[in-house]
Amino acid sequence: MIKIYNTLNQKKEDFKPTFPDRVSMYVCGPTTYDYFHVGNGRAFLFFDVVRRFFQYAGYKVLYVQNITDIDDKIIRKANAEKVQIAEITKKYIKAFKEDIKALGIKNATYFPKATEYVGKMIEFIKSLEDNGYAYHSEGDVFFSVEQIHDYGTLSRKKLDDLVAGARVAENTAKKAAADFVLWKKAKQGEPAWDSPWGKGRPGWHTECVVMANYLLSKENKKSDSATKVFDIHAGGVDLVFPHHENEIAQAKAGYNSHLANYWMHNGFINIEGEKMSKSLDNFLTIRNILKEYDPEAIRYFYLSKHYRSPIDFNEQIIKESTTAVNKLTRPLKDYLQKEKQLPVRAKIDPQVKKDFDTAMKDDFNTAKALAVLFELAKEINISPQPVDDKVATLYKLGSVLGFFSNVDQKESQEDNGETTQQLINLLIEYRNKFKREKNYVYADMIREDLANLGFILKDTKDGTVVEKT
RNA sequence: GGCGACAUCGCCAAGUGGUAAGGCAAGGGUCUGCAAAAUCCUCAUUCCCCGGUUCGAAUCCGGGUGUCGCCUCCA
């Protein structure tokens with residue numbers, strides 16, 4: 001039984017999907033006004049690992065990740081650059097997809113864009129208004145939080161405290177401080193859609209509710225089943241309040257559903273001990289980090305700590321992660337070097353699988369799961385042979401965590417091309433001849449020149465091997 | 001002010017009642033012409049402090065100290 005920490009009840013619960021063989025997940029995606037940063041990356045990557053684990057555990061997974069392509073920040077950026085917002089969003093949606101791919105994150109089943117659902121959002125907001133959950137004021141439409149008697153369950157907030165502690169600037173159009181905007185009146189020069197309340201655009205909290213509901217009913221038709229809730233709704237902790245709280249309020253009002261049965265939230269990432277923020281100018285984008293570090297090192301960094309804990313990102317830790325992940329990959333590369341292909345038909349070691357599964361089933365304890373893999377790697381190193389089963393197990397379980405995407409049959413030597421490989425072998429032969437003659441000047445010259453071309457020669461007990469950088 | 005989280009080796013980090021996983025770094029070997037890489041071995045009688053419960057506590061309870069997050073757009 002998989003256990004998941006559910007923010008809704010603040011405890012670990014047994015995971016029971018609505019349908020026995022399927023899991024539906026909705027993960028909050030990017031607002032496309034910039035390259036996404038390490039913090040976003042953690043959420044995107046971690047929940048992808050959750051999805052992979054479900055698939056490995058035998059579930060069919062519906063994975064939805066929204067793309068917010070209309071929003072204040074996007075408008076601001078478009079104005080600053082004097083371009084259409086579509087130009088901004090198009091650019092960063094493309095970048096988003098490139099970057100998740102580079103990180104080894106699989107595509108979602110659906111990537112709904114907010115702008116494609118404005119009509120449905122208007123219908124939804126209208127229905128909220130008709131049923132007394134929302135009110136219209138000077139072109140804006142607000143959700144009346146008081147109408148939801150248990151508002152604040154997710155974030156453990158009491159309405160009274162919210163109002164009392166409100167640091168928000170007084171908005172005179174609102175009836176109550178905690179009310180939130182469903183529809184924003186358009187200002188001069190802003191992109192706008194026609195609506196019953198005049199020109200404007202939807203508020204941020206509405207898109208997920210409407211898109212989740214629509215895509216779920218679409219899936220229901222496909223599979224001839226019916227449910228109003230996703231199994232899992234996920235995102236960063238900062239989304240708990242107000243974003244997810246407000247989504248739940250709307251879903252309760254509009255669909256009589258709490259949107260998802262399990263709410264999962266990942267912890268924050270700090271940079272060198274400080275919160276990432278524009279003012280500190282310490283926003284690190286994944287795109288920039290990838291210029292310098294291996295994507296699997298970043299993956300290791302994310303997965304080396306439990307997802308709900310905060311992590312500190314710094315140069316030292318990412319370098320250590322590079323070494324660590326290399327240690328995990330080494331046995332596979334060595335095996336490939338000798339056998340040319342991974343033992344795909346070998347058996348999975350049942351005890352190791354059990355340990356790995358136990359760790360992952362306990363609220364996705366990836367740090368512990370990694371420890372299981374390290375121990376396995378050591379066993380492979382110590383074992384005189386044969387190690388086929390252990391190598392196959394390492395590969396299989398590591399892949400569940402998203403590792404080893406570059407380690408497969410194609411990665412072995414012949415990938416260089418037959419002729420290239422023959423030429424390199426020839427040079428190795430010459431170098432060995434020079435070595436035997438103790439002509440180290442020439443021997444080292446060959447090694448250095450090949451290294452400059454990206455082929456690292458390593459003298460091992462079994463002879464000289466080549467590795468591409 | 002309200003709500004919440006966390007404190008385990010030099011660093012990162014598992015462990016929620018049964019006697020301290022794992023990674024990095026470090027030290028010592030192996031291999032090598034030298035490198036590089038790799039690999040093996042060693043590395044916390046102790047878990048922020050003080051009390052308590054218990055046969056038994058890093059784990060539970062009370063108090064203290066410290067760090068951090070949310071309450072505002074934010075993964």
Side-chain angles (χ1 to χ4, degrees), chain A residues 7 10 12 27-31 33 36-47 68 71-73 76 152 155-158 160-169 178 204 234-243 245 265-270 273-278 283 300-301 303-312 314 316-328 330-331 333-334 355 359 362 365-378 380-382 434-441 443-444 447-448 451 456-462 464-465 467:
Chain A
T7 310
Q10 298 200 301
K12 277 187 207 170
V27 180
C28 281
T31 299
Y33 71 107
F36 69 84
H37 54 68
V38 250
N40 299 307
R42 183 184 198 182
F44 300 164
L45 187 141
F46 172 72
F47 291 113
T68 302
D71 157 276
D72 286 352
K73 291 190 290 285
R76 215 176 299 141
S155 56
R156 304 270 137 169
K157 291 188 190 310
K158 294 190 191 98
D160 294 346
D161 294 342
L162 279 174
V163 178
R167 290 174 4 199
V168 204
W204 178 45
V237 267
D238 52 324
L239 296 181
V240 173
F241 187 89
H243 190 52
E245 193 71 71
H265 295 96
N266 64 279
F268 255 25
I269 289 193
N270 294 318
E274 285 181 309
K275 186 182 169 174
M276 241 189 318
S277 75
K278 291 278 182 204
F283 258 80
Y300 179 86
F301 160 73
L303 300 180
S304 64
K305 192 162 177 175
H306 187 86
Y307 75 94
R308 280 186 282 117
S309 306
I311 331 183
D312 192 58
N314 55 63
Q316 189 201 338
I317 203 152
I318 201 74
K319 280 181 179 161
E320 287 177 6
S321 301
T322 309
T323 315
V325 81
N326 198 31
K327 183 168 188 166
L328 221 45
R330 192 78 251 157
K333 284 192 174 166
D334 285 350
D355 292 344
D362 183 14
N365 192 336
T366 52
K368 196 170 187 180
L370 279 169
V372 173
L373 297 187
F374 276 110
E375 279 169 5
L376 177 61
K378 176 168 264 186
I380 295 171
N381 290 333
I382 295 174
F434 286 130
K435 276 172 67 180
R436 280 194 298 274
E437 292 165 359
K438 302 205 187 297
N439 189 341
Y440 298 121
V441 178
D444 289 350
R447 185 170 65 195
E448 278 164 35
I456 308 296
L457 298 191
K458 295 178 179 177
D459 295 330
T460 72
K461 216 180 286 181
D462 303 322
T464 306
V465 299
E467 235 169 65

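Naming: A, B, ... by sequence-line order, numbering from 1 per chain. Keep in mind that what you see is a predicted model, and the values were worked out from it rather than measured.
In this structure, the NZ atom of A:K305 is 3 Å from the P atom of B:A13, given to the nearest Å. Following rounding to the nearest Å, A:R308 (CZ) and B:C6 (P) show an atom-to-atom distance of 8 Å. Counting to the nearest Å, the C1' atom of B:A35 and the CG atom of A:L457 are 11 Å from each other. Atom CG of A:N365 and atom C1' of B:A13 are 10 Å apart (whole Å). B:A13 atom P lies 13 Å from atom NE2 of A:H306, rounded to whole Å. In this structure, A:F434 places its CZ atom 20 Å from P of B:C34, rounding to the nearest Å. What separates CG of A:L303 from P of B:A21 is a distance of 23 Å, to the nearest Å. In this entry the distance linking CG of A:D312 with C1' of B:U67 reads 12 Å, nearest Å.
Across all strands shown, A:K327 has heavy atoms under 4.0 Å from sugar-phosphate atoms exclusively, and none from any base. Among the protein residues, A:F374 comes within range of the sugar-phosphate backbone only, with heavy atoms under 4.0 Å from sugar or phosphate atoms but none that close to a base. Nucleic acid contact class of A:R42 (heavy atoms, under 4.0 Å, all strands): none. The residue A:E375 sits close only to the backbone: its heavy atoms come under 4.0 Å of sugar-phosphate atoms, none of a base. When heavy atoms are screened at a 4.0 angstrom cut-off, A:G41 is found touching no nucleic acid atom at all. Nucleic acid contact class of A:N40 (heavy atoms, under 4.0 Å, all strands): base.
Judged by distance alone, with hydrogens and angles left aside, the side-chain atoms of A:D362 form no donor-acceptor pair with the main-chain N or O of A:N365 at under 3.5 Å.
Comparing B:U16 with B:C6, their C1' atoms sit 14 Å apart, to the nearest whole Å. Taking atom C1' on both nucleotides, B:G62 is separated from B:C71 by 28 Å, rounded to a whole Å. Taking atom P in both B:U54 and B:C61, the straight-line distance is 16 Å, to the nearest Å. Rounded to whole Å, the C1' atom of B:C31 lies 44 Å from the corresponding atom of B:G18. Here the separation of B:C68 from B:U32, taken at their C1' atoms, is 49 Å to the nearest Å. Here the separation of B:G15 from B:A57, taken at their C1' atoms, is 13 Å to the nearest Å. A gap of 9 Å separates the P atoms of B:A7 and B:A14, to the nearest Å. B:C48 and B:C43 have their C1' atoms separated by 23 Å, given to the nearest Å.
By the 30° and 60° cut-offs, the orientation of the rings of A:Y300 relative to A:F374 is perpendicular.
Here the CG atom belonging to A:L303 is positioned 9.5 Å from the CZ atom belonging to A:R42, to the nearest 0.5 angstrom. A:N266 CG to A:K305 NZ: the interatomic distance, rounded to the nearest 0.5 Å, is 13.0 Å. Here NE2 of A:H306 is found 7.5 Å from OG1 of A:T366. Values are rounded to the nearest 0.5 Å. Rounded to the nearest 0.5 angstrom, A:D444 CG and A:N439 CG are separated by 9.5 Å.
Judged by distance alone with a 3.5 Å cut-off, a donor-acceptor contact links the side chain of A:D459 to the base of B:A35. A:R447 contributes a side-chain N or O that forms a donor-acceptor pair with the base of B:A35 under 3.5 Å. You'll find a donor-acceptor pair under 3.5 Å spanning the side chain of A:D444 and the base of B:G33, going by distance alone.
The phosphate of B:A75 has neither OP1 nor OP2 within less than 4.0 Å of any side-chain N or O from A:N266.
Side-chain atoms of A:E320 lie closest to B:C24 of the nucleotides B:C24, B:A14, B:C71. Counting only heavy atoms from C-beta on, A:S309 has its side chain closest to B:A14 among B:A14, B:G23, B:C24.
For B:G69, the base is not stacked against the aromatic ring of A:F268, per a cut-off of 5.5 Å between centres and 30° between planes.
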